[in-house]
Amino acid sequence: MSAPFLKVAGLTAGYGASQALFGVDLDVGTGEVVALMGRNGMGKTTTIKTVCKLLPITGGSIMIDGRDTKRIPVHKAARLGIGLVPEGRRCFPNLSVEENLVAAARSGEWTFDEVAKLFPRLAERRTQSASTLSGGEQQMLAIGRALMTNPKLLILDEATEGLAPVVRQEIWAAIYALKDSGLSILVVDKTIRELKAVADRCVILERGQSVWTDKPENLSDEVCARYLGV
Ligand code: ATP
């Protein structure tokens, strides 16, 4: 079997003197969808930030496409092949939808037209400034921006947070379409039911450590109660 696209082993990291990760192990294979789960404050976002080199590693390792990311300088982090959809769907509010997308572009199959096929609403709003979009449309734009970087791994941090149910379904439909296209995806979300449906594997964090990794069908009520508080 080939090495996973992302391999995180024994990862420790934190915020200055405040340690948040105490040993995270996490793999995402090529074309695999992995759900990173855990209650609030357990280290999901910190793991993602460290993988994207937005926070320094203090211990363990992160291998991306077989390369140790410690050897990749921070200013080259954009070349890791990761498309991050951060918590809070950050876009440039004063730029138009198209400008937001084009500003993120790196060469590859994802172009404005491809993003517009995935999210037709963005095509309709092409010339509107991002600040005038609804929350759902801003989330679509944030995903579109990540795709425009032509990533090998898409990371979604709470992409459906705060959205109306019907809009959430549009976002999940897009995630399914991306899965079907063979993209590797790491997804954090509060909706366990959707995560169980879309993920090939789940990894649960508890106090900054991975404590459970398995297929979603093995995510029993007991495991959910113990680690996810539901
Ligand atoms: P949530 O679902 O609430 O986003 P999470 O699992 O993503 O939770 P993290 O945001 O990674 O959790 O937080 C892990 C730990 O790091 C928590 O104890 C949190 O208080 C701490 N932490 C997060 N951000 C910072 C920060 N900027 N400075 C200091 N500590 C932080």
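Numbers for residues simply follow the sequence, beginning at 1. Every number for a ligand or one of its atoms is a count from 1 in the order of the listing.
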Show the atoms of ligand 1 that are less than 4.0 angstrom away from any heavy atom in [X].
X: R39; answer: 6 (O)
X: A20; answer: 15 (C), 16 (O)
X: M42; answer: 5 (P), 6 (O), 12 (O)

Subject >> Nearest protein heavy atom with distance in Å, relative to atom 28 (N) of ligand 1 >> reply: Y15 CG, 3.4 Å
Original post:
Among protein heavy atoms, which lies nearest atom 14 (C) of ligand 1, and at what distance?
Top reply: G41 O, 3.4 Å
Around [X], counting heavy atoms of other residues, nucleotides and ligands shown, do more than 12 lie under 6.0 Å from its [atom1]?
X: K196; atom1: NZ; value: yes
X: R226; atom1: CZ; value: no
X: K215; atom1: NZ; value: no

**OP:** Just grab all the salt bridge (Lys or Arg N to Asp or Glu O under 4.0 Å) pairs involving residues 44-58, residues at least two apart or on different chains.
**Re:** none
**OP:** Not counting sequence neighbours, list each pair that qualifies as a salt bridge (Lys or Arg N to Asp or Glu O under 4.0 Å) and has a residue in residues 129-144.
**Re:** R121-E137, R125-E137
Subject >> E87 contact mode with ligand 1 (heavy-atom cut-off under 4.0 Å) >> reply: side chain
Test of proximity, [X] against ligand 1: N or O pairs below 3.5 Å:
X: T45; answer: yes
X: K44; answer: yes
X: T46; answer: yes

**OP:** Using non-hydrogen atoms of the residue, decide whether E158 is closer than 4.0 angstrom to ligand 1.
**Re:** yes
Original post:
Does G43 have a non-hydrogen atom less than 4.0 Å from ligand 1?
Top reply: yes
**OP:** Look at E194 together with R168 and state whether they make a salt bridge at an N to O cut-off of under 4.0 Å.
**Re:** no
Original post:
Taking 4.0 angstrom as the limit, do D200 and K179 come out as a salt bridge?
Top reply: yes
Original post:
Are any non-hydrogen protein atoms located under 4.0 Å from atom 19 (C) of ligand 1?
Top reply: no
Original post:
Is the backbone of D214 close enough, under 3.5 Å, to the side chain of N218 for a donor and an acceptor to pair up by distance?
Top reply: no
